[in-house]
Structures are given as C-alpha cells and as structure tokens.
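See below for the structure under consideration.
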Amino acid sequence: MNSYKVDLDVLIEKMSEYCSFSLGKKLLLDTVVSFDRLIIKRDNARIKEALDLTYKYGSMPFSGIKDISDALENANKGIMLRPVDFMNIVDSINCVIGIDNYMHSFSDDVGNIRELSDTLVVCRGLKKHLESCFNSYGEVVDSASKTLYNLRKELIANDASLMSTANNFISKNSNNVIDNIVTTRNNRICVLMKVSNKNSYGGFIHGESASGMAAYVEPVELMHLNNKKLQLLDEIDEEIERILKECSALVKDNYYDLKNNIDTISILDMIFAKAIWGKENDACVADLSDNKIISITKGFHPLIDRKKVVKNSYHIDENHNMLLITGPNTGGKTVTLKVIALSVLMTYCGMPICADEATIPYFDNVFIDIGDMQSVVQSLSTFSAHLSNLAKICDSATDHSLVLIDEIGSGTDPKEGESLAIAIFNYLRKLKVFCVATTHYNRLKQYGKRHDDVLVASVLFDEKTLSPTYKYVEGLTGQSNALTIAKKYGLKKEIVNEAYALVKQSKSNEEVLIEKLEKQISENENLKNELNDKINQYQMLNQELAKKQKQLEANYEKYLDKAKIEADEYVNNIKNQADEILKQALNSPDIKYHEVLKKTKKLEELKSEENKEELDDDFKVNDLVEIRQTGQIAKIIDLKNNNVTLDLNGIKVKSNISKIKKTNRQIVKTKAKKVKTSDMVIRSMPMECNIIGLRKDEAMSVLAKYIDDAKVHGLKQVRIIHGDGTGALRKATFELLSKDKDVKEYHTASYSEGSTGATIVIFHGA
C-alpha cells in the first residue's frame, strides 16, 4: 500500500473498478510506486499503447474470464475437478481467443502489448474436448462418452417400462389404489394403495402416509425394473466420475499454458483498466526524460469535479529546481502540490495522468510532507510529526530526489517557524534536489525572490468576490489574504480593522510597495484570465453559430429540393389530366372545347409560376442561352423588358425571357463557306405558320403550301398556330396532317409554346 498522502490509493481503488476479473483487480490494487528506470519505462510504454488502442478500437475484450487458479492447482495435484471448473476453463480459453482476434484486427505498432499477447496459448484441443463433455450449465452431456450415451438411453427405456408397468398395475387394481397415483420413494417407483390392501400384492412396503389411510407399495411387478434403474444410475455416476477424472488429467497436461494465460490476462486486464480510466478522464501518458524537467500542461487533480476543476500548467527545470508556492488559504496551494506529486507517482506506477501533455524525469525517490500527521500512538503533535518527517527527508534526499513539503515550518511560533523554514529550504537548495514547497511566510517569499534558482509562484485571489480563483501564476508571490477571508466569514468588523492596522505597523515601506505592486499584477492577471475566458466563449459561440448556419443551409437545400419535387409532381398530375381531356376532345365531338381550355388554364398558371421561379433576371446582350423547348444554343442580340431577340444560327428569333435559360455550353463554330442562294432561302424559311383569322378553306390552302415548302427546304420540325376559338381550325389542321405521309408525328404544343392554340409537326428524318 502506498502512503504518500496525495490520494494515490484512492485513485488506484477507482481504477481497479474498471478491471474485468478478480486477479486483474488484485494486481492493480497491489500496485506500488517503482523507482526502477526499466520498469517505469516498460510500464509507461505498455499503458501508452493500451490508451491509443482504447481510443481507436475500444478496450481489449475480457468477457467471461474468471479466476481459475485454484482449479488449476487442484488439477496439477491430481484432484478431480467439478463440472463448473471445466466451464470456467473453457471461458478462459475463449477469452484468449477473443484477445487473439482483437490483436489481429489491426496492424498498429504496439510491440509492448503484443509482447504480452503473443505469450497466450489457445488450447483448442482441450476446449473442444471439454465442450463435448459439458454444456453451458456445467452438466455432463451424453456425447461425453459412448458408454454414458448408452447407459442414459437404457435408463430412459427402463423408466418408460416402469411407468407403463405401474400404470397397467393401477388399471388392473383401480379399486384398491388411491387417486391412480404413481410416486417415488427411496428412488424407487411405487403406487399409493389403501392400507387395508397393502399386503395383498406382495412386493415391498415403503411406509404409510401421514394420515395412515394410504401405503406406498412397490408391487412385485416393479421390483426388477426398480433394481435395474438403481443399477443404471450407479453405472452412470461411475462413468461421469471417470469422465471428470479424464478431463482433470487433460487440464493437468495443459497446466503451464493455462497458468501462463491467466497470469498474462491479469496483467493485460490491469493495463487496460488503467487505459479505460485514462480515456474517461482525458488523461495522457507522460514522456519520460533523462533531463531534470517536470513539465505539465493543463494538469488537474483527477478527484476534483471536472465541472469545477481549474487546469494549470507547471514547469520546473535545473535552472529553477526549487518551486515556492504562495497564496491564500483554500486557494489551491496544496492541490497544486498534489497535482505535481500525483503526476510523478502515477507515472512511476505506469498510469496515465490528468493533463494535456507532460514530461516527467527519473527520480531516485519522492519524499512528501503533507497534511496532518499527528500520531497519538507515538506521542507526536502535528508540529513534532512535521519535524520528524522533515528530518528523514533531509537525511535521505539526494540531488536526484523530488521533495514536496506543504506549509514548510508551520505549526509553531511564526518567527521560529519562519527561520526554520528558510534554513531547511536553503539546505535542500544546496543538495540540488527538486523541491516544491508551499508557505505563508513573508521572509521565505523574500528569500525566494533573491535567488535565481528559486521559482516563486502563486495561486490567485479575487479581491472583488473575496474568493480564490485556483489559477496558478509563476513569478508572483501571493498574499495569504487571511484578514480578507476572515471578513468574508463574518468576523466582527472592528476586529478585522484592528488586525489590518497591526499588520500595517509591522511592515516596512518596501514590503508595502511590493504588496501594492503584486496586488496590481494579480488584478491584471485576473483580468487577463477573464478576457481569455470571454475569448474562448466567443470562439465557441462563433463555432456553434457557424455549425447552425451550415445546418440551416443544408436544410434549406433539402426543403427546396423537396418543394420542387412536390411541385413537379403536382404539375405533371395536372398535365396528365389535361392530356386525357385533350385526347377525349379529339375522339369525341360532343365535348365542348371551352371545357378543355378551362381545365388547362390552371396548368398554364402553374407552369408560368414555375418558369417565373426559374428565370434568371440578369440576362445581358451577348449572353449565350439555351432555348428551353428545343435545347438549341443562341446568343442574345437585343433585350427589352422580358422580350429578347436571339441569334439562332444566323436567324433572328424573337422570344420571351421565360423561354430561355443560362448555359455554359458554347455554339459550335464551323468553317466559313460560300452561301448559296438556296441556303439563304432555307435560312429565311419561317419555322412556324400562323393561320389564325383565316377561313377554313383559305387556312388549309396556306397550310398545305407551307408544309410543302418546309419539306422542300428540309425543315425537321415546324409549329402551326391555329388558335383555340371554336376548335375548327385545329380539327382541320389535324385532318390535313394525318393524311401527309411525310409527317412522322404531330401533337399539341407545350404550354410554353402555345398549348392547345398550336400544333407541333415533326417530319420523317428528324
């Protein structure tokens, strides 16, 4: 057990709760601080690898493992094991298999852990044999041996014969049996008969019921079968005993492998218990240094509530090997000393320490004088115990030792205690030990400031709130603030004021000036800490806002896409309905055309709204655009309000802004060639024919000529504008087109091209 009085035992106890079985826990609870350099180096290398693995892949599996040490020792001595022992041995082999699988699931360089896991032996032959003999409840199964299988099979047949014979007997003698009951007495099958008839059938009487009205009778017919049953049970017991002895001998043959496995698993369990604790407490593994440097970044005491603990950084080296910590009572001086002590001692125990990072040197010993060490048994007062411990430290410490002293020289007359503290501190300085001490003595503070190898530090006190901040600051000697704290706890004002006056009288001008200066430095440090806290809060808030903005943007895109999909589905639904009505209109002259227009009007409005959402409002002259309906690329050559004039392969086309969209595609350039007159005719051939306002016969004559011209000039697709009106022109147009063999297909124009007021014609070869 460790007796350093810095809560190391409490920490070890807490870590042991993460162990998977008793042997690992015992090993951890028996941990002692080692000063052997090789052991420290080995243990820290192991815990570093285990902590890395725990973060990456989770802890090594130890499920089902139990302490089988006693069973192994009994087997080694030739003592027959119980079925439960064999199942625990199977569980231990399964644990080895689990560890082996875990170690083969990654290729990380963890040589120190593999050095342990590679010693494990998977006793597969033993596992297979034991599993063939016992089930998960520890029962010997029929497959354990052929003999056992046959005996149990024979026993089942015999029991069936017993029950059949007993039931036949009851059936034949139903007048003399009670309740047709078959029962067991002395492991033999009997029937319950009336007492008056118990001697009427021979056999054996096994006693009477409590009422004396019934007797347990084993008729002659059952005696042979009962004898056979007992014989079979004895033979089964003998066979089971033989199997247990055989399995025990097999365990003995594997004794050394099984013993080595359980010892190694204990070590691994202990290591990974430390690693799990380290992960849950944001701990790190310290770097070991041959140089005399203690460096701890953002260290904290692991037993203080994580929501309240204040993290501090500490640095001691050969140039400042003496650290003198000052500050108010309850301000964190002792905690600071304990954090440094624990960081060293836990490292020497192969444990992770609570810090962001740390460097720990090798010491030959650690000496600690802390807390109330009063002893009634040895008749020592607090001060006497303190002196006794200091004497041992001064006798034993070397220039490779670490010494930690809380309130050096306290517990006696202040003047004498102060002088004693300076003398001891000076002696330890000359020894060149690494020393951390706390004090309230002003002369010791001044002593520290006069020597370059002494690093003076303080824990801060907030004068506004009259409470400690637990912030550690190097280069500053703090005040005890005893009177300020006394005022906070309700001591009468006149008493506190008089104490202030007395303190002021005892101080020199130099001390008063130093106090004022340090008070100002302390206030500035508090302001700096407040500013840093606010900066951190701002950064966290900024990150949170950025995260929320990103989520909002993602949600916006998601909901926008969803809305577009729903709108498209709705529009398509309306379009399908309109197409169906149009189809009916074509096939049925009874349907009035205004009904079709009424149905499609809503679709026109929706389509208009949809296109309006998609419009680009920053078109400019010379922009390349894509015509929505045909996919052709054109260039804007004029733009007025929502009307545009396009250059489409040299043809000027007027359109509406709703019918075009921006594109990154380019117009394919072709080599210039002489333009024939026929080419000019082709390019000047209009791509649509407007017959609105013409009589039916006149319109059809114009349309027929236009269709012929379009075919001559090789147009692939044209548009006929006939309007809605009564539908007569539209019907006549359809009739004319249906008779033209060169027309591949014709259909009502899309809603952006005229809807039911226009027809699109596509010629063969398009």
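Each residue takes its place number in the sequence, starting with 1.
- Here the OG1 atom belonging to Thr748 is positioned 9.5 Å from the CD1 atom belonging to Ile760, to the nearest 0.5 angstrom.
- Checked by atom type, the side-chain pair Tyr314/Glu474 shows no donor-acceptor distance below 3.5 Å.
- Atom NZ of Lys298 sits in a sparse spot, with 12 or fewer heavy atoms from other residues, nucleotides or ligands closer than 6.0 Å.
- Between atom CE of residue Met346 and atom SG of residue Cys354 there is a gap of 5.5 Å, rounded to the nearest 0.5 Å.
- Take Ser701 and apply the side-chain contact (heavy atoms from CB on, under 4.5 Å) test, not counting sequence neighbours, and it matches no residue.
- Within the 4.5 Å cutoff, the side chain of Phe619 has heavy atoms near those of the Lys662 side chain.
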Side-chain donor-acceptor contacts of residues 688-698 below 3.5 Å, not counting sequence neighbours, with atom names and distances?
unit_1: Glu688; atom_1: OE1; unit_2: Arg719; atom_2: NE; d: 3.2
unit_1: Glu688; atom_1: OE1; unit_2: Arg719; atom_2: NH2; d: 2.6
unit_1: Asn690; atom_1: OD1; unit_2: Ile692; atom_2: N; d: 3.0

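- Nearest heavy atoms, Met15 versus Ala273: O-CB, 3.9 Å.
- At distances below 3.5 Å, at least one donor-acceptor pair connects side-chain atoms of Ser143 with backbone N or O atoms of Ser132.
- Between the side chain of Arg114 and the backbone N or O of Asp109 there is no donor-acceptor pair closer than 3.5 Å.
- No option in Thr759, Thr756, Thr733 other than Thr759 meets the side-chain hydrogen bond (donor to acceptor under 3.5 Å, both in side chains) test with His722.
- With contacts defined as side-chain heavy-atom distances shorter than 4.5 Å, the pair Ile65/Asp269 does not qualify.
- Put simply, the side chain of Asp647 never gets that close to the backbone of Ile637: no donor and acceptor are under 3.5 Å apart.
- Counting heavy atoms of neighbouring residues, nucleotides and ligands inside a 6.0 Å radius, atom CG of Asn101 exceeds 12 of them.
- Shortest non-hydrogen contact noted between Met103 and Val110 is CE-CG2, 4.2 Å.
- Side chain of Glu626 to main chain of Ile633: no donor-acceptor pair is present (N/O by atom type, distance under 3.5 Å, no hydrogens or angles).
- In this structure, Asp724 contributes its side chain and Gly757 its backbone to a donor-acceptor pair below 3.5 Å.
- Among all heavy-atom pairs drawn from Ala286 and Ile360, the shortest one is CB-CG1, 3.7 Å.
- When all heavy atoms of Gln717 and Phe763 are compared, the closest pair comes out as N-CD1, 4.3 Å.
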ring-ring contact (aromatic ring centres under 6.0 Å, His included) evaluation trace for Phe21 with Phe62:
CA-CA 8 Å; Phe21 79 127; Phe62 300 101; 7.6 Å; no
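- Smallest separation of non-hydrogen atoms from Val743 and Tyr746: CG1-CD2, 4.1 Å.
- Taking the six-membered ring for Trp and thresholds of 30 and 60 degrees, Phe106 and Tyr57 have nearly parallel ring planes, at less than 30 degrees apart.
- Asn44 places a side-chain N or O within 3.5 Å of a backbone atom of Thr347 that can act as its donor or acceptor partner.
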Would you sort out whether Asp52 and Lys56 count as a salt bridge (charged side-chain N to carboxylate O under 4.0 Å, His left out), showing the intermediate values?
CA-CA 6 Å; Asp52 288 343; Lys56 288 182 181 179; over 6 Å; no
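- Side-chain contact annotation: Lys127 with Asn94, donor-acceptor N/O pair under 3.5 Å present.
- Contact detail for Gly58 and Tyr102: the closest heavy-atom pair is O-OH, 2.7 Å.
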